[in-house]
Amino acid sequence: MSEISKILQKETLLHNDLVQLLSTKGEDMNTLFLHAQKVKEQFVGNKVYFRGLIELSNRCKKNCYYCGIRSGNPNIHRYFVDEQEVLNAVQYAHEKGFGSIVLQSGERNDKDFAETIERLLKKIMQLTNNEIGITLSLGEQDEETYARWRAAGAKRYLLRIEASNRDLYAKLHPQDHNYDHRLNCLQLLRKTDYQVGTGVMIGLPFQTLDDLAEDLLFFKTLDIDMCGMGPYIEHEETPLYQYRDQLLPKEERFLLSLKMVALLRILMKNVNIAATTAMQTLDPQGREKALRVGSNVIMPNLTPLKYRDDYLLYEDKPAQSETADETVQLLEEHIKAAGCQVAYFEHGDSQHYQLRK
Ligand code: 5AD
Ligand code: SF4
């Protein structure tokens, strides 16, 4: 038995095991992927859940050093999708049998924003007879806001920690971004009864394999229900762009991301893991590959086409001019090719959450 196979037999994977697994190449990497595939089959099967993604607004008060829509970027046109357009996208998702939608936007903490979202949530629930599942990805908020949105119909929340290592976090964000505050928000989300998702970027400048191993253990300690993670992709109009020469080549960055997905599936077994758009950006078959080794959620972009080019978090974001119908059709083909099957008309709550309850 190879050394990698022996590590994979262990009951609990520790930091050093994870680092070794993250370093695998060739045959050893394939051993890891095959093992992850088996764990996936055993615990979550081959169903894939669709979450229709609506990128509500690119207005953001934050200034993350990696992100193309950061407040400090003057070169983008700021938008907020019309309410009726959101409802049209929701209706589309509902009619097609997507179990849920994701509302994502840049971060704002003003009262007007909180109320706009609350109103929108109520309308969405009304429109879909309370049938559609709603996931929010709207950044750091206070407890009252989280609770109000929860009461208005949202049941899942994604808030990526981005990098669980404090020092690395500090290098990626301006000083007024507070790591502890973010951690506290993750706790508040749990307290206000959301299914909680987090995630990190992979292949960031200054990031080491030790950091990534700790990211995986962080997810486990937090006992998360869902995860969205993907490769870091440079964007010219951001401060981190100056470190682009230090990055792993794109193929390696992609494979590292794939290993992270595989390892999280092995570590946490029954959580929901997204095959993210960033994975597809670095490899045209990226999402399909992620589905094979561990992912079970995909977020087809339902943002009205006219807004899409203003929501460029990173370069070369794929499928910017693809209509929802085209996206769904292509995804279906890719999902089938990966030996999986779309679960229509199901919410697809993570089993982890259901068991936790
Ligand atoms: N590369 C990859 N992912 C990015 N995000 C923001 N900027 C980038 C980038 N340059 C991710 C962050 C954020 C999510 C909405 O998009 O992880 O949480
Ligand atoms: Fe704003 Fe999110 Fe981009 Fe940070 S990552 S600048 S919070 S949209």
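First listed ligand is number 1; within each ligand, the first listed atom is number 1. The figures here come from the full heavy-atom set of this structure, side chains too, leaving out hydrogens, waters and symmetry mates.
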- request: Can you pull out the closest protein heavy atom to atom 1 (N) of ligand 1? Residue, atom name and distance to 0.1 Å, please.
  value: I233 N, 2.9 Å

- line: Result for side chain to side chain contact (heavy atoms under 4.5 Å, CB included) between L217 and one of L14, L212, L18 points to L18

query: For K111, does the NZ atom have more than 12 heavy-atom neighbours from other residues, nucleotides or ligands under 6.0 Å away?
result: no

message: Under 3.5 Å, is there a donor on one side chain and an acceptor on the other for K47 and N296?
response: no

task: Check whether any side-chain N or O of R150 sits under 3.5 Å from a backbone N or O of D193 as a donor-acceptor pair, and report yes or no.
output: yes

field: Location of contacts on L313 toward ligand 2, heavy atoms closer than 4.0 Å
entry: neither

query: How many angstroms lie between atom CG of L189 and atom OH of Y146, to the nearest 0.5 angstrom?
result: 4.5 Å

query: Is L186 close to V196 at the side-chain level, that is, under 4.5 Å between some pair of heavy atoms?
result: yes

query: Who's the nearest protein heavy-atom neighbour of atom 7 (N) of ligand 1, and how far?
result: Y66 CD1, 3.3 Å

- prompt: Which class fits the ring pair W149 and Y157: parallel under 30°, tilted 30 to 60°, perpendicular over 60°?
  reply: parallel

- line: atom 17 (O) of ligand 1 has as its nearest protein heavy atom E162 OE1, 2.5 Å

query: Hey, which atoms in ligand 2 end up nearer than 4.0 Å to a heavy atom of K62?
result: 6 (S), 7 (S)

field: salt bridge (Lys or Arg N to Asp or Glu O under 4.0 Å) between E162 and R182, worked out
entry: CA-CA 10 Å; E162 313 294 1; R182 202 163 185 87; 3.7 Å; yes

query: Where is the nearest protein heavy atom to atom 2 (C) of ligand 1: which residue, which atom, and how far?
result: P231 O, 3.3 Å

- request: Flag yes if more than 12 heavy atoms outside Q126 fall under 6.0 Å of its CD atom; otherwise flag no.
  value: no

- request: From the options S71, C67, C60, select the one whose nearest heavy atom is closest to atom 3 (Fe) of ligand 2.
  value: C67

- request: Within a distance under 4.0 Å of any heavy atom of Q104, pick out the atoms of ligand 1 and give their elements.
  value: 15 (C)

task: Looking only at protein heavy atoms, identify the closest one to atom 16 (O) of ligand 1 and say how far it is in Å.
output: L313 CD1, 3.3 Å

- line: The single option from R160, K62, R108 that satisfies salt bridge (charged side-chain N to carboxylate O under 4.0 Å, His left out) with E140 is K62

field: R160 neighbourhood, listing ligand 1 atoms whose heavy-atom distance to it stays under 4.0 Å
entry: 11 (C), 12 (C), 17 (O), 18 (O)

message: So if I count the atoms of ligand 2 from 1 in the order they appear, which ones are less than 4.0 Å from some heavy atom of Y66?
response: 5 (S)

statement: With heavy atoms and a 4.0 Å threshold, my read on which part of S137 contacts ligand 1 is neither

- prompt: So which bit of H235 gets within less than 4.0 Å of ligand 1, heavy atoms only: side chain, backbone, both or neither?
  reply: neither

statement: Closest to atom 5 (N) of ligand 1 among protein heavy atoms sits M201 SD, 3.9 Å

message: At less than 4.0 angstrom from any non-hydrogen atom of C67, what atoms of ligand 1 do you find?
response: 7 (N)

query: In ligand 2, which numbered atoms sit nearer than 4.0 Å to a non-hydrogen atom of C64?
result: 4 (Fe), 5 (S), 6 (S), 7 (S)

